[in-house]
Each structure stands twice: as structure tokens, then as C-alpha cells.
Amino acid sequence: VQLCGGLQNDGSIEHSRYNIDVLRDESVPEDSRVLKVAATASLRSSDAFARYSRDMVRGWHMFALWLNTERRGIKFNGSSYSILFDFIDDYSNITLVTKVYKTLLSRYDFFFAPYSAVLSKAAVDVTDPAGKYLMATSASSTPIFQSRISSFSNLPSNIMFSDASMAAFRSFGANSTAVIKDVDISGCGNVSDSTKMANKYGLHLFGHFDVDPKSPTYESEVFTIISQLKANGIQTVMGCTFRSLCFLVSAIRYRASLQEISHCYHLYSLFKTLYCRL
Amino acid sequence: MMPTPWVKTSRLFDNYTGWTPAEFAEKYYDSYGSYPSYHSASAFSGGEVLMASIELAQSLDPIVIANTVRNTRFDTLYNSIKYNSKNQIDASMLIVQMQDDLKHSLIFPDNITAIIYPLETWKSKQCAADTEDCSGHGRCDSFGVCVCDTQYYGKLNPRSCDAFCDGERAYDTERKIFFCKNMTTFHVGAVTIADAAEEPEYRSVLRLAVDLVNNKTDGYFDNTTAQVYFEVAEDRWECSSEKGYAYLEALDLHVQNQTGSTDSGLFAVIEPDCSLVR
């Protein structure tokens with residue numbers, strides 16, 4: 001089903017024999033025609049977007065298995081076409097995403113987009129002007145997709161994430177909130193428009209707080225912000241991205257100790273965005 | 001809490017696979033050992049959209065396919081998908097609360113009373129999960145640490161109260177570490193700097209863990225075999241579990257990040273399952 005590999009200097013994709021064996025032995029019949037689809041994903045556990053890329057790739061993988069084995073392919077022009085995904089590691093790197101999609105442009109007509117709005121935009125910027133089909137299954141930022149010819153997002157608008165969250169806060173009886181987000185390349189699109197949405201639901205927005213997860217003082221900065229929020233009676237917090245999550249969980253709810261945070265470190269992957277009620 | 005456009009209890013029916021979201025979730029769980037996030041459901045349905053559009057259009061022209069996508073409704077296990085004028089789906093957003101490790105409970109918009117506030121601490125949940133409430137021989141205290149009944153030692157793991165080595169425990173005064181005579185397993189629990197500072201019996205465990213990562217101890221980590229070898233009380237121990245490997249990675253990361261720090265953020269989380277090598 002999948003060919004996982006890296007992009008080589010000559011533009012070729014390095015495939016592992018193991019994955020080619022999987023492709024031929026388990027999913028795609030020998031005599032099947034093949035529809036090739038390419039996508040980048042953060043395939044290594046150390047990649048910034050590894051957790052959600054993994055979820056995404058598993059969804060594509062499961063689809064391909066079902067299509068190729070249970071449904072016996074796509075019915076087109078009197079034949080059955082198995083689907084073949086080529087996954088290329090993007091290292092969660094914008095520059096590399098652009099390079100990979102440009103390289104593959106001449107060889108594929110159908111693409112899927114990587115995890116996150118920022119990386120998806122890099123892909124769309126390459127594929128759409130070339131008239132290629134692209135489906136983004138984990139990117140919600142509307143400006144990336146509107147006015148495009150052949151690019152789609154399978155998520156609701158990023159604004160909907162803020163809207164639902166603020167509506168929920170209000171229904172829980174809260175009247176104040178704040179936003180803490182990591183400054184990283186994901187862009188935290190799903191806490192965008194929080195000012196507008198706070199106004200919509202009558203919530204006092206105390207402020208936006210950006211923290212740099214690469215900063216050596218990250219932890220103390222987050223704790224300082226949390227303390228400030230508590231001192232000012234702020235009732236809810238919207239947090240975005242991984243490290244904020246850990247420290248929000250610990251700091252707000254449980255008066256963090258190191259052991260709590262270490263547990264949270266292992267649980268961080270279960271969330272993208274966390275909302276805590278103080 | 002987190003916003004999501006999809007939950008596995010959604011009342012949908014997939015026209016292509018014939019699956020409900022719950023059935024999809026169970027199949028996914030069988031394959032990957034965890035339940036799917038909305039990213040996985042979105043990815044799966046993204047494949048279905050491509051498949052259905054090719055069959056409907058009977059074309060492999062990406063622009064023709066894009067036009068078909070734009071003008072078609074797709075009833076999938078992820079959503080009844082119809083792309084709007086901005087090439088995105090319109091979907092109602094939901095808010096779920098993670099109430100335990102596997103259960104995401106829908107709490108908004110229709111089920112506000114299901115919210116649990118305050119939640120159990122991560123530590124108490126972790127303690128209960130790890131030790132099945134202290135193996136029935138103790139209790140999880142307010143810090144999430146299992147306090148064992150008098151006759152149970154709790155191995156070297158502070159959260160466990162398994163009857164360990166039949167009570168035949170000895171104390172290594174040089175290393176300041178408890179060990180069991182004739183034991184067949186050695187289990188190092190989650191220990192933090194804070195714990196170590198307060199609990200003398202953990203200091204050597206912590207030192208062992210840190211030294212192990214820093215290659216200063218008489219044990220070492222073999223990258224080739226993904227095994228941990230170290231020596232305690234002149235016995236050679238071998239740790240080869242995947243879990244142990246992961247925890248060591250986490251430890252390594254934090255040691256690198258926090259070199260020299262003694263009061264914050266240094267996690268000595270090491271939990272390999274290790275066996276005595278005769």
C-alpha cells in the first residue's frame with residue numbers, strides 16, 4: 001500500500017525493499033492497474049508533527065487496504081485500479097515539502113497534503129497552479145483553499161474551532177478567557193479569530209500569550225502566565241500545541257509537580273488543543 | 001477538552017464501506033491498537049472522495065475530478081461531505097472531554113452535564129492505571145504515588161505494591177538501593193528529581209538512570225539491539241522491551257534539555273522491564 005522513503009538529491013525516492021514487498025504481497029494484486037497518489041508526511045517519531053501525521057497516514061493506509069483488498073479497486077474504464085500511496089518524509093519542514101511536491105509534479109496527478117495548515121499551504125502552492133488534484137485531510141485554514149482550482153480541505157474552517165470552543169465556554173458559565181499558544185510552524189490556526197469569537201459569545205478576552213517552546217525559560221514563562229491569569233480571575237484558557245498542553249494541564253488543574261508533568265509528557269500526543277477551566 | 005468535527009459515536013453511515021463510525025473505529029483499533037482521531041477519519045474519507053469521484057466522472061483528469069468533487073455530496077463515515085465555495089467542508093464542531101485514557105466524552109453542544117470538573121489528577125489516574133489501585137495492597141495518595149501496606153514493598157517502583165520477591169528484600173548500602181534476593185525482574189519506576197530529593201531510596205535509582213543515559217554508569221544502551229544493559233549489585237540486567245526504550249528516549253531528551261538544572265524539568269522517567277542475565 002505504501003512506499004515510504006526519502007527524497008534523494010537526484011529527485012528519486014528512496015524506497016525500502018520491505019515496503020515494496022508489503023505493497024505487492026498484501027494489497028495490490030499483481031495484475032492490477034495502479035492509480036498512484038503522492039503525499040508527504042512526518043514519518044519519523046522525532047518530527048514535529050509526527051503524532052498527527054501518523055493518524056493521518058493510518059487513515060490513508062486503512063483506506064487503501066480496504067479499497068485494494070475488500071473492494072477490489074476503483075472501477076474505471078472497465079478496469080479495476082488499485083491505489084498506491086507514495087509517502088515521502090517531510091521532516092515537518094516547509095522547504096522540503098515545497099521541494100518534494102515540485103519534484104513529484106511531473107509524475108503524479110493526484111496528491112494528498114501533509115499535516116498542518118502551514119505544510120499544506122506549501123503543497124497547494126505547488127500543485128494547484130499546475131492543475132493537479134490535492135486533498136488536505138488535516139488542514140483547516142480557509143485562505144489556503146478558497147479560490148483554488150483543484151485543491152480541497154476535508155476539515156471545517158479553522159474559525160469553527162474557536163467558535164465552538166468559545167460557545168462551549170459560555171455554556172459552561174464562564175465569562176472570561178485567555179489564549180496561550182506555542183510559537184511554532186503549525187500556526188495554531190484553530191485558536192485563530194479568538195478575539196472575534198470571544199466578542200461573539202460575550203467573553204472577556206484577557207489576552208493572547210505566545211510562548212516559544214524552544215526557549216530555555218519556556219516552563220517558567222508558562223507558569224508565570226498561568227499565575228497571572230489565576231490572579232486576575234480568568235476562568236478559562238485556550239491552549240494550542242503540545243508543550244502548552246502539558247504545562248496547562250499541570251499548572252492550572254493540578255498545581256504541577258515534576259512527576260505530573262512527566263506523565264503529561266507521555267500523554268501530550270492525545271491532544272492538539274486543550275481547554276482548561278481554572 | 002478539545003474541539004473536533006468527528007467522534008466515533010457520530011450517527012453516520014458510510015455509503016462506500018457500509019461501516020458506521022463506530023465500526024470504523026473498532027477496525028482501526030484492531031489494526032493500530034488505539035482509536036482513531038478525526039485526522040484518521042478525515043484521511044480515510046479523503047480517499048473515498050477521490051475514489052467515488054473517479055468512478056462518477058469516469059476520468060483520471062485531475063481538473064475533471066476536482067469539478068466532480070465540488071459538485072457531489074459524499075456520505076462517508078466522517079461526514080456527509082459537501083465542499084463549499086471555499087473548497088472546505090461545512091461540519092458542526094463538537095467539544096469532547098478526555099475523561100480517561102480511552103474515553104473521549106461528548107460534552108458540547110448537547111451534553112453539558114456530562115462534563116467532569118474537576119477531573120482526577122493525571123497522577124492519581126496514572127497511579128490507578130499502573131498499579132490497579134496499588135495491586136490491592138495500598139492506596140494512591142494525593143500525589144499519585146502508591147503508598148503500600150506495611151507488608152508490601154512495592155518493588156522499586158513507587159506506584160506499585162505487588163508482593164515482591166516474597167518479602168525477601170535487601171538494602172545495598174553503597175548504592176543506597178533496595179534489591180531483592182533471587183529476584184527475576186528489576187523494575188525501575190518513575191522517579192523525578194523532586195522525588196529523589198525527598199526520598200533517599202530513590203536517589204541511586206535516579207543516578208543510575210541519568211548515568212545510564214550519559215554513558216557514565218556500568219550499564220549502556222545498545223542502539224543496534226535496542227536493548228539496555230546495566231549492572232546492579234554485580235548482576236547483569238537486560239532490558240529489551242519497547243516500553244523501556246521509549247522511556248529512555250524521553251529521559252535522554254530531557255537530560256539534554258536541562259543539563260545542570262536541579263530544580264525543574266529534569267525527568268528521570270525510566271520504566272524498562274528488565275531481566276537478570278545469568
Side-chain angles (χ1 to χ4, degrees), chain A residues 52 55-56 58-60 62-64 66-67 74-77 83 109-110 112 115 131-133 135 137-138 142 145-146 148-157 160-161 163-165 167-168 171-172 190 219 249 253-254 257-260 262-267 270-275 277, chain B residues 1-3 5 17 27-28 31-32 36-37 39-51 54-55 58 60 62-63 65-66 69 78 81 83 86-91 93-95 98 107-109 112 115 117-119 121-123 126 143-144 190 192-195 250 264-265 267 269:
Chain A
Y52 296 105
D55 282 7
M56 192 176 66
R58 284 177 172 178
W60 295 336
M62 197 168 159
F63 165 74
W66 167 79
L67 178 74
I74 299 172
K75 314 304 179 192
F76 169 67
N77 202 21
I83 197 164
D109 285 329
F110 299 96
F112 276 41
Y115 173 81
K132 305 294 187 179
Y133 174 90
M135 175 62 72
T137 58
S138 290
T142 301
F145 303 99
Q146 64 186 6
R148 300 288 190 171
I149 296 170
S150 51
S151 305
F152 300 89
S153 166
N154 221 25
L155 292 184
S157 168
M160 297 293 291
F161 287 78
D163 188 296
S165 303
S171 74
F172 299 151
N190 51 6
E219 291 89 346
V249 167
R253 296 296 316 283
Y254 311 125
S257 74
L258 294 175
Q259 192 171 23
E260 284 171 338
S262 71
H263 291 165
C264 183
Y265 176 81
H266 296 294
L267 292 168
L270 296 169
F271 295 91
K272 170 68 188 294
T273 302
L274 175 84
Y275 304 136
R277 190 176 182 188
Chain B
M1 294 182 282
M2 57 179 279
T17 61
K27 290 175 187 291
Y28 185 100
S31 295
Y32 303 114
S37 67
H39 298 287
S40 302
S42 171
F44 189 96
S45 71
E48 292 183 305
V49 167
L50 176 60
M51 172 200 76
I54 290 172
E55 292 189 345
Q58 283 298 296
L60 293 178
I63 297 299
I65 297 304
V69 167
Y78 168 66
I81 295 172
Y83 297 93
K86 297 177 180 175
N87 295 336
Q88 266 187 300
I89 69 166
D90 292 317
M93 293 297 293
L94 311 166
I95 302 290
M98 184 182 172
I107 57 169
F108 184 82
I112 295 172
I115 191 171
Y117 181 81
L119 282 169
T121 66
W122 289 117
K123 288 179 76 171
Q126 191 71 49
F143 297 101
T192 70
I193 285 285
D195 289 331
S264 67
F267 308 121
V269 180

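Keep in mind that what you see is a predicted model, and the values were worked out from it rather than measured.
- Of all the listed residues (B/P109, B/S37, B/A41), the one sharing the greatest number of non-hydrogen pairs under 4.5 Å with chain A is B/S37.
- Using modelled atom types, one side-chain atom of B/Y78 and one backbone atom of A/N154 make a donor-acceptor pair closer than 3.5 Å.
- Residues B/P5 and A/P156 form a side-chain contact, since some pair of their non-hydrogen atoms from C-beta on lies under 4.5 Å apart.
- Ring geometry, B/F44 versus A/F63: the interplanar angle exceeds 60°, so the pair is classed perpendicular (tilted spans 30 to 60°).
- Residue with the most contacts toward chain B among A/F112, A/F152, A/Y133, A/F145: A/F152 (heavy-atom pairs, distance under 4.5 Å).
- One N or O on the side chain of B/S42 and one on the backbone of A/T137 form a donor-acceptor pair closer than 3.5 Å.
- In terms of heavy-atom pairs under 4.5 angstrom with chain A, the leader among B/Y28, B/Y32, B/Y83 is B/Y32.
- Two residues are said to be in side-chain contact when any heavy atoms from C-beta on lie closer than 4.5 Å; A/F76 and B/E55 fail this criterion.
- Two residues are said to be in side-chain contact when any heavy atoms from C-beta on lie closer than 4.5 Å; A/D163 and B/M93 fail this criterion.
- Of all the listed residues (B/I65, B/V49, B/L50, B/I54), the one sharing the greatest number of non-hydrogen pairs under 4.5 Å with chain A is B/L50.
- Contacts with chain B were tallied for A/M62, A/R58, A/K132; A/R58 has the most, counting heavy-atom pairs under 4.5 Å.
- Heavy-atom distances place the side chain of B/F108, and not its backbone, under 4.5 Å from chain A.
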